[in-house]
Each structure stands twice: as structure tokens, then as C-alpha cells.
Amino acid sequence: AMTINTTLDDTNDHALVVGMSGTKGAVVLNANNTYAGGTTLQGGSLLVSNGSALGSGAVTVAATTGNNMALGASTNGVPLANNIAVTDNLNIGTGGLNNSGTFVADTNALTLSGTISDVDASHHGRLYLTTPTTLSGTNTYSGGTYVEANTTVSNNSGLGSSFVDIGYGANLTFSTPHPVIGGGSLADASQFLGPSAGSGTIKLDPSVADLTINETSGNGSQFSGQIT
């Protein structure tokens, strides 16, 4: 990994571009940065150690190279308020499949309070939540959500506008009065995890008044986990 400890300032509103299409390396930002021109992730992993590491601009995930794009934390409990625009697939965290095909979650928790959206109307951003994550923004991304690690949703629209798949052993906790699972389906994750035992769990904390699941896929939901 390349670690940058130098403060990146906002001289001329310069932007930061990380990675190249198809690359798998990692860049770690450790400083409290003040640049305002935004951050573009084009390949590999971008890790942050604090809530100011990405400056004050938006984050754009530009590449469409599959699941090798990741935004994660290098320390536990990082809050990020930057808006994020996703072109295709984005891992939140650096969890994934090991050599034996077993999913291993990242352990450094992230809180994302900015808006997560599609980069434009012709693309459908998709999130793979592979580290403990809190989604508290009003999110509009439309490519679906794979919950592979324990996740808390504290905004009614935190899961965007498409399907939600909950991975084996993962908990999806709602802590907002009227949460909505958007215009897709609710199911057990199968595409990303590979073979594994058990199913995910939906947890409704005492603040939840109702949970709305908008089923528009036409195939019906196939969720075999618990709702508690």
C-alpha cells in the first residue's frame, strides 16, 4: 500500500485521482486534508484513517471494472460525510473471499453520512458492504446493495432504490422510524459469498414504526433469514 501522511490542501481546488482502471493496489490517506476539488477512485482500494481524509469535495467512483474497487477505513470507527457517486460496483471495506472461497469481513467500521448516488442516469451504482457500516445519508443509488457485514441503516432511504441481499451471518439493523427497501427485492445473498451456512438477520430497533419492502422485481422475494 502507498501511505500518504502529508496534508493535501485546497490550493486552487485541486482534485485527487487514485488508481488506474484494473489496478488492485491500495492508497492510505492519514492526514486531515482540506482539498476541495473532490476525489476520483479509478482502481484499487482507497483507505482513510479519519473523517477529513477526503477533503470537502465529493468522491466519484469512476471505473467499471467489477468488484476490485474499494473504499474503506484503515482504523476503526471512521465517519465520512463526503457525497459518493458510483459508476458500477463499489466495495465498502476490504472484505472479500479468501483462497478457499470463504467470505472474510473487514473489521474497521465506517459511517457514511453523505449522499450515495449513481454517477449519472445511465449508470447504476451497486454497493457491497464488506465491513461494519452505518448508512445515515439520503441515498439514491440504484444498482442494489449486498450486505455482507453487520450494517446499520439510520435513514429511511439509506439503502438506495433497488434490491437488498443479506449475506449469511450478517445483520441488517434499522434504527429509523420508517425504513424502506426500495424498488427491487429482499433476498439471501448468493452472488458474492459463494457456499456458506446460515442466513442473514434483519433487526428492527425500538425506534422503528414500520418497514416497507417494495417488491417490483416480478420474481418475488426469497429471504429465509429472521426478522427480530
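Given the structure is predicted, the values throughout are model-derived calculations rather than measurements.
Distance alone, capped at 3.5 Å, is enough to place a donor-acceptor pair between the Gln42 side chain and the Gly19 backbone. Under a 3.5 Å cut-off, the side chain of Asp118 and the backbone N or O of Gly125 do form a donor-acceptor pair.
In terms of heavy-atom proximity, Gly143 sits nearest to Phe163 at O-CE2, 3.4 Å. The heavy-atom pair separating Ala73 from Asp106 by the smallest distance is O-OD2, 4.5 Å. Heavy atoms only, all atoms of each residue included: Gly72 and Leu110 are closest at CA-CD1, 3.8 Å.
Side-chain contact between Val86 and Tyr141 is absent, with no heavy atoms from C-beta onward closer than 4.5 Å. Two residues are said to be in side-chain contact when any heavy atoms from C-beta on lie closer than 4.5 Å; Thr133 and Thr152 fail this criterion. The side-chain heavy atoms of Leu172 and Leu159, taken from C-beta on, include a pair separated by under 4.5 Å. Between Leu204 and Thr228 the shortest side-chain heavy-atom distance does not fall below 4.5 Å. The closest side-chain heavy-atom distance from Thr39 to Asn82 is not below 4.5 Å. Using a 4.5 Å heavy-atom cutoff, the side chains of Leu90 and Leu71 are in contact. Considering only heavy atoms from C-beta on, Ile202 comes within 4.5 Å of Ile166 through its side chain. Looking only at side-chain heavy atoms (C-beta outward), Thr94 and Thr130 stay at 4.5 Å or farther from each other.
Residues passing the side-chain hydrogen bond (donor to acceptor under 3.5 Å, both in side chains) test with Ser117: none are found, sequence neighbours excluded. Remark: Ser157 pairs with Thr138, Asn155 by the side-chain contact (heavy atoms from CB on, under 4.5 Å) rule, at least two apart or across chains. Every residue two or more places apart in sequence or in another chain that forms a side-chain contact (heavy atoms from CB on, under 4.5 Å) with Asp205 is listed here: Ser175, Ser207, Val208. Partners of Thr173 according to the side-chain hydrogen bond (donor to acceptor under 3.5 Å, both in side chains) rule, which considers only residues two or more places apart in sequence or in another chain, do not exist here. Listed by chain and number, the residues in a side-chain hydrogen bond (donor to acceptor under 3.5 Å, both in side chains) with Asn76 amount to none (sequence neighbours excluded). Residues satisfying the side-chain hydrogen bond (donor to acceptor under 3.5 Å, both in side chains) test with Thr34, not counting sequence neighbours, are none. With sequence neighbours excluded, the residues forming a side-chain contact (heavy atoms from CB on, under 4.5 Å) with Ser122 are Asp120, listed by chain and number. For Ala31, the side-chain contact (heavy atoms from CB on, under 4.5 Å) test picks out Thr7, Asn33, with sequence neighbours left out.
Remark: the Asn108 side chain and the Thr131 side chain contain no N/O donor-acceptor pair separated by less than 3.5 Å. If you check the side chains of Asn156 and Thr176, you find a donor sitting under 3.5 Å from an acceptor. Ser142 and His124 share a side-chain donor-acceptor pair at under 3.5 Å. Using modelled atom types, one finds a donor on one side chain and an acceptor on the other under 3.5 Å when comparing Asp210 with His178.
Note that CZ of Arg126 is 14.0 Å distant from OG1 of Thr87, once rounded to the nearest 0.5 Å. Taking OG of Ser113 as the start and CG of Leu135 as the end, the distance is 10.5 Å to the nearest 0.5 Å. Between atom CD1 of residue Ile92 and atom OG1 of residue Thr134 there is a gap of 12.0 Å, rounded to the nearest 0.5 Å. Between the NZ atom of Lys203 and the CD1 atom of Ile227 there is a distance of 13.5 Å, given to the nearest 0.5 Å. Distance check: Thr151 OG1 to Asn171 CG gives 9.0 Å after rounding to the nearest 0.5 Å.
Of the residues Val18, Val27, Leu16, the one that meets the side-chain contact (heavy atoms from CB on, under 4.5 Å) test with Ile4 is Val27.
Ring pair Tyr128/Tyr146 is parallel by interplanar angle, where below 30° counts as parallel and above 60° as perpendicular.
Leu47 belongs to a hydrophobic cluster whose other members, connected by ILVMFWY side-chain contacts under 4.5 Å either directly or through intermediates, are Val28.
Counting only residues at least two apart or on different chains, the side chain to side chain donor-acceptor pair (under 3.5 Å) pairs with a member in residues 49-61 are Asn30-Ser49.
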**Message:** Go through it in stages, so that I can follow the logic: the residues are Leu46 and Leu29, the test is side-chain contact (heavy atoms from CB on, under 4.5 Å), and I'd like the CA-CA distance, side-chain angles, deciding distance and then a yes or no.
**Reply:** CA-CA 8 Å; Leu46 177 58; Leu29 300 179; 4.0 Å; yes

